[in-house]
Each structure stands twice: as structure tokens, then as C-alpha cells.
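Note that ligands are numbered from 1 as they come in the structure, with each ligand's atoms numbered from 1 the same way.
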Amino acid sequence: MPRKLAAGNWKMNGTTAALSELASIGHADIDVLICPPATLIAAAAAAAGDGLSIGGQDCHTGISGAHTGDIAAPMLADAGAKYVIVGHSERRTDHGETSETVRAKAEAALAAGLTPIICIGETLAEREAGATLQILTDQLAASTPDDATGANTVIAYEPVWAIGTGLVATTDQIAEVHAHLRADLTARFGAAGTDIALLYGGSVKAANAVEIFATPEVNGALVGGASLKASDFQPIVDALAAS
Ligand code: 13P
């Protein structure tokens, strides 16, 4: 069985004042993660309690070099990160990242001892064209390293049209996609593919978390807006632990 993970992605939000939120986020029984802006990772790792991990939101494919403004995976690890999000749709869109780039970033994360959270998702146009499952198969295959296991890698399904829009995929849509992704993972990785956690992301809130976590093959969530405040995020954490 995959481990359950409740992950928060703060995106480009938060200064040192936001660190006070971390005191009331965490859980003893499941994995809980906050990915703050890179500027806060070291302080967040110092502030986080035992039941909370800290991660990055992106990393470079290399370990060092002349790449102004970029951050290498070993630097995130050195700052106290345990995970790093790679291939978020905002990175794919804003920075033109391809699945091949995302895979190289995931490989860099693994080499640095970080758990990559590899994001995939279809656009509204792709869904309306009936291309969702093929797009996701292609993104998953091209973005995931060959040595991915349940112990070192997490996959996040985030339909682009559901991110930050208040539109949440229906549980039928989530169930269809997660069953498809699980089949892809087991076809490629065999039994190890059954252990890789599959997160759903896109307008997850306390109000919809219980039904999302009751959906087959949903092992957790990647949460944006509702992770910024502990009072919004911790109920999602608790719903996952109780699921
Ligand atoms: P929202 O939860 O704000 O829709 O964002 C989802 C997301 O992109 C998490 O990575």
C-alpha cells in the first residue's frame, strides 16, 4: 500500500510571518508536507515539528554551475527539504518545461536523496477533446525515472483546469484517472508500481477532502490555496489520516 501524503504547495506566497502557521500543521500517523517558497525552506525546516516535512517547489537538473537564479536539488536537501515538486503545470506553462526536463529534475532529486512529487495533468481543451487518458499516460511515462519506487517517488494528478479555479474534478473523473495511472505504473514497474502514492490536486478544501480521499487509488492530496493557513490545511490532513 502507498503511504498517505498530505502536501501543501505555497507557490509564490509567504514571507517569514507565514512560518507561524507551521506550528499547528502535522500528523503522527501519515506524511505531511509543506513546500514553501525557497526563501523560507531552511527556516521552515527548523520550525517544523516531528509530524511535518518541508520540501521545495522545483529544482534544476544539475548539481551546480552557471545557472543564475536556479536551485539545485542538493541545495534543497542541505536547507532541510525532504521532497521537491517537479513538473507542476505552472512550471510547465510559465517556464516551458517538457516532460523530459521534468524527468531529469526528478532524477536530480533522487540523486540528492529527495522524494520528487512529479506533477501531471491535462488542460481543459485536452479533456474536452477526449484526450485526457492518453495525455496523462504520455506525461507519466516521459516524466518518471526508471528507478521510481513507492519509497522514493510520488505522482500528483492535477487537472490544469481545476487548479486555483474552484473547479474540482468529480470523484468519477478522479477515480477514472487514478485507476488508469495505477495501471500504467504497475505495467511499467510491476509490484513496485502499486506502492507509488498517487495524489490528487486541484481546489482541494476541507469541504471536499473526505469524498476525494474516499475515492479509489487516491493516496493523498497536493493542495495550493487551502495550504496557506493551518486552519484550512490541518482539517484536510486529519481527513486523510481518518480515510
Ligand atoms: P489549488 O489547491 O489552489 O487549486 O492549487 C492546486 C495546486 O496547484 C497544488 O500544487
Novice: Only heavy atoms of S203, strictly under 4.0 Å: list the atoms of ligand 1 that pass.
Specialist: 1 (P), 2 (O), 4 (O)

Novice: Hey, are the side chains of I34 and N9 touching, using non-hydrogen atoms and a 4.5 Å cut-off?
Specialist: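 Of all side-chain heavy-atom pairs linking N9 with I34, none is under 4.5 Å.
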
Novice: Hydrogens and angles aside, do T144 and R188 bring a side-chain donor and acceptor to less than 3.5 Å of each other?
Specialist: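 No - no donor-acceptor pair under 3.5 Å links their side chains.
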
Novice: How does A162 reach ligand 1, if at all, at less than 4.0 Å between non-hydrogen atoms: by side chain, backbone, both, or neither?
Specialist: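 The answer is the backbone of A162.
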
Novice: With heavy-atom distances below 4.0 Å as the criterion, list the atoms of ligand 1 near H88.
Specialist: 7 (C), 8 (O), 9 (C), 10 (O)

Novice: At under 4.0 Å between heavy atoms, which part of N9 makes contact with ligand 1: side chain, backbone, both or neither?
Specialist: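 It is the side chain that gets close, since no backbone atom is under 4.0 Å.
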
Novice: In terms of residue, atom name and distance, what is the protein heavy atom nearest to atom 3 (O) of ligand 1?
Specialist: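 Protein heavy atom at minimum distance: G225 N, 2.9 Å.
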
Novice: Report yes or no: does a heavy atom of A226 sit under 4.0 Å from some atom of ligand 1?
Specialist: no

Novice: Do R92 and S143 pair up side chain to side chain, a donor and an acceptor below 3.5 Å, judged on atom types alone?
Specialist: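 Side chains of R92 and S143: pair found under 3.5 Å.
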
Novice: State, with a plain yes or no, whether a side-chain heavy atom of T149 is found less than 4.5 Å away from one of T153.
Specialist: no

Novice: For the CG atom on D94, are there more than 12 heavy atoms of other groups (residues, nucleotides or ligands in this structure) within a distance under 6.0 Å?
Specialist: yes

Novice: Of all the non-hydrogen atoms in the protein, which one sits nearest to atom 5 (O) of ligand 1, and at what distance?
Specialist: K11 NZ, 3.3 Å

Novice: Side-chain donor-acceptor pair under 3.5 Å between H180 and T137, yes or no?
Specialist: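 Per modelled atom types, H180 and T137 side chains form a pair under 3.5 Å.
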
Novice: Atoms of ligand 1 less than 4.0 Å from L222 heavy atoms?
Specialist: 9 (C), 10 (O)

Novice: Is there a donor-acceptor contact under 3.5 Å linking the side chains of Y157 and E122?
Specialist: yes

Novice: When you measure from the heavy atoms of G201 to every atom of ligand 1, does any distance fall below 4.0 Å?
Specialist: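 G201 does not count as a contact of ligand 1 under the 4.0 Å cut-off.
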
Novice: Considering heavy atoms of the protein only, find what lies nearest to atom 2 (O) of ligand 1 and give residue, atom and distance to 0.1 Å.
Specialist: G224 N, 2.9 Å

Novice: Is there a polar contact between ligand 1 and G202, counting only N or O atoms under 3.5 Å apart?
Specialist: no

Novice: Of the protein's non-hydrogen atoms, which lies at the shortest distance from atom 7 (C) of ligand 1, and what is that distance?
Specialist: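 Checked against all protein heavy atoms, atom 7 (C) of ligand 1 sits closest to E158 OE2, 3.1 Å.
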
Novice: Count the heavy atoms belonging to other residues, nucleotides or ligands that lie under 6.0 Å from NZ of K82, then report whether that count exceeds 12.
Specialist: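 No, NZ of K82 has 12 or fewer neighbouring heavy atoms, counting only those of other groups under 6.0 Å.
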
Novice: Considering residues, nucleotides and ligands other than I63, do more than 12 of their heavy atoms fall under 6.0 Å from its CD1?
Specialist: no

Novice: Is the shortest N/O to N/O distance between T165 and ligand 1 below 3.5 Å?
Specialist: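 Between T165 and ligand 1, no N or O pair is found under 3.5 Å apart.
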
Novice: Could you tell me which atoms of ligand 1, counted from 1 in the order shown, lie closer than 4.0 angstrom to a heavy atom of G164?
Specialist: 1 (P), 3 (O), 4 (O)

